[in-house]
2 protein chains.
Amino acid sequence: MALAEAILVCLTDRPMSGYDLAKTFDASIGFFWRASHQQVYRELARLRGKGLVESKEIEQSGRPNRIVHTITEAGEQIVHAWSQKPCRMPSVKDELLVKLYALDHVDIAVLREQLELRTDQHQAKLSAYLRIKEKFYDAKTLSRAKKGKLIALTMGISNEREIIKALEQAVKSLGEIDE
Amino acid sequence: MALAEAILVCLTDRPMSGYDLAKTFDASIGFFWRASHQQVYRELARLRGKGLVESKEIEQSGRPNRIVHTITEAGEQIVHAWSQKPCRMPSVKDELLVKLYALDHVDIAVLREQLELRTDQHQAKLSAYLRIKEKFYDAKTLSRAKKGKLIALTMGISNEREIIKALEQAVKSLGEIDE
DNA sequence: ATCTATTATGCAACCAATTGCATAGTGGTT
DNA sequence: AACCACTATGCAATTGGTTGCATAATAGAT
């Protein structure tokens, strides 16, 4: 149940609406833990039910009211307890590698295109990470909170770079196969 | 629904029982697509229902009979059609990175231990990959099927190496934070 | 005038994955 | 004699994730 904790972590920063959270899960923390807005809203309802967040409706004219969620004392305790528990290994699920595994039953030209598309996608991620790093984490004095985010981001950056290298190498190897 | 395809891909190699498949998903193809034995059995039942595999019971004395599954013509067509469809990006979900992201609410000593444990786990994976590479893929003349598996394995190897480097760097960065 | 995007929320149905349990015989260890 | 690991299968319950839909107002584009 780590989506719950990821949401609580976001709320330690500042109170947010479901919409704010959904956007955060489309960027920043979403680099490390993906979730859709439906997941976020459902989980928020559960957290409210357990008393880990408190929700206040804020009147807005013209559009639906914002429901702003604040983490409670109990919620912060859950975060701390979670931080001490061991982590699971992220589970691998990559169709592209399965296709390489199944090369005998795959059209090489098509697969090459898919590898190149994937390379572009990782290139885009890398650029996004680098932009954020330069924008938000280039100061000399960083708070502990920011240092943690910077370490995570740095891992993301080196990871993307290496995946790109590996994909390019894979395309090269594919090219050496005589059909 | 890519578990279905991953199973079919395994069965293109040779007919297998659910048990054989579950073990394959604990190793080889499991490096790229994880699945538990319950998932495999359930998916096999579905594939049988759709006529993509044919299942024959083989008598055994002493232990439960083996049910051996063979891919059908229709199953092979599904694999081919799947291989041409675009791949999804694997979805990221890593608690360890979330904890780095939430560094302000985490005990640094505990987190360092978790990073080191994770490093060991990737080290173990790397060793396993290298052992398999030397054992099965070091010949000079490889079939196309084997070349594909080798490319995937090589990507796995470089990926593990880089993750280990990044984790070690992260531990170092953590050490530089004055508590 | 109409269409689309954006802000803001949420239900319902479905599909996938995890966890725990159950069966059942064989062979080896303590 | 009791226990564990291995081969071989599968059900049931729960949790998690995805997809599609729905509402509702505003601002800007066509």
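Sequence lines set the chain letters: A, B, ... in the order given, protein chains first and strands last, and positions in each chain run from 1. In what follows, every heavy atom counts, from backbone to side chain, and hydrogens, waters and symmetry copies are set aside.
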Clusters formed by hydrophobic residues whose side-chain heavy atoms approach within less than 4.5 Å: which one holds A:Y41, and what are its other members? A:Y19
Donor-acceptor contact present, side-chain A:D13 to main-chain A:C10, <3.5 Å: no
Which atom pairs, one a donor and one an acceptor, fall under 3.5 Å between side chains of residues 72-84 of chain A and the rest of the protein, sequence neighbours left out?
unit_1, atom_1, unit_2, atom_2, d
A:T72, OG1, A:G51, O, 2.9
A:T72, OG1, A:L52, O, 3.1
A:T72, OG1, A:A74, N, 3.4
A:T72, OG1, A:G75, N, 3.1
A:W82, NE1, B:E95, OE1, 2.8
A:S83, OG, A:H80, O, 2.8

Between C:dA16 atom P and B:R42 atom CZ, what is the distance in whole Å? 7 Å
Tell me whether the OP1 or OP2 atom of C:dA16 has a side-chain N or O from B:R46 closer than 4.0 Å. yes
For B:N65 and C:dG25, give me the distance from atom CG to atom P, rounded to whole Å. 12 Å
Hydrophobic cluster partners of B:I58 (side-chain heavy atoms under 4.5 Å): B:V68
Give the rounded distance in Å between these two atoms: CG of B:L44 and P of D:dT9. 9 Å
Atom CG of B:L47 to atom P of D:dG10: distance rounded to whole Å? 13 Å
Please state how far atom NE2 in B:H69 lies from atom C1' in D:dG10, giving the value in whole angstrom units. 11 Å
Does any residue of residues 18-40 of chain B have a heavy atom under 4.0 Å from DNA chain D, and if so, which ones, in number order? B:G18, B:Y19, B:H37, B:Q38
For atom CD1 of B:I58 and atom P of D:dA8, their distance in whole Å: 10 Å
For atom CE of B:M16 and atom C1' of D:dA8, their distance in whole Å: 15 Å
Quick check: does any side chain N or O of A:R118 sit under 3.5 Å from a backbone N or O of B:R88, one acting as donor and the other as acceptor? yes
Side-chain donor-acceptor pairs under 3.5 Å in residues 149-160 of chain A, sequence neighbours left out?
unit_1, atom_1, unit_2, atom_2, d
A:K149, NZ, B:Y101, O, 3.3
A:T154, OG1, A:L150, O, 2.7
A:S158, OG, A:M155, O, 3.3
A:E160, OE1, A:H122, ND1, 2.5

Salt bridge or not between B:E168 and B:K165? Use side-chain N to carboxylate O under 4.0 Å. no
Between C:dT9 (P) and A:R48 (CZ): distance, integer Å: 11 Å
Nucleotide nearest B:Y41 when distance is taken to its side chain, options C:dG10, D:dG17, D:dA8: D:dA8
Residues touching DNA chain D, which here means a heavy atom under 4.0 Å, drawn from residues 81-94 of chain B: B:R88, B:K93
Please confirm whether the backbone N or O of B:K85 pairs with a side-chain atom of A:Q114, one donor and one acceptor, at under 3.5 Å? yes
Given C:dA17, D:dA8, D:dT18, identify the nucleotide with an atom nearest to the side chain of B:R66. D:dA8
Note: B:K147 and A:I177 closest approach over all heavy atoms is CD-CG1, 3.7 Å
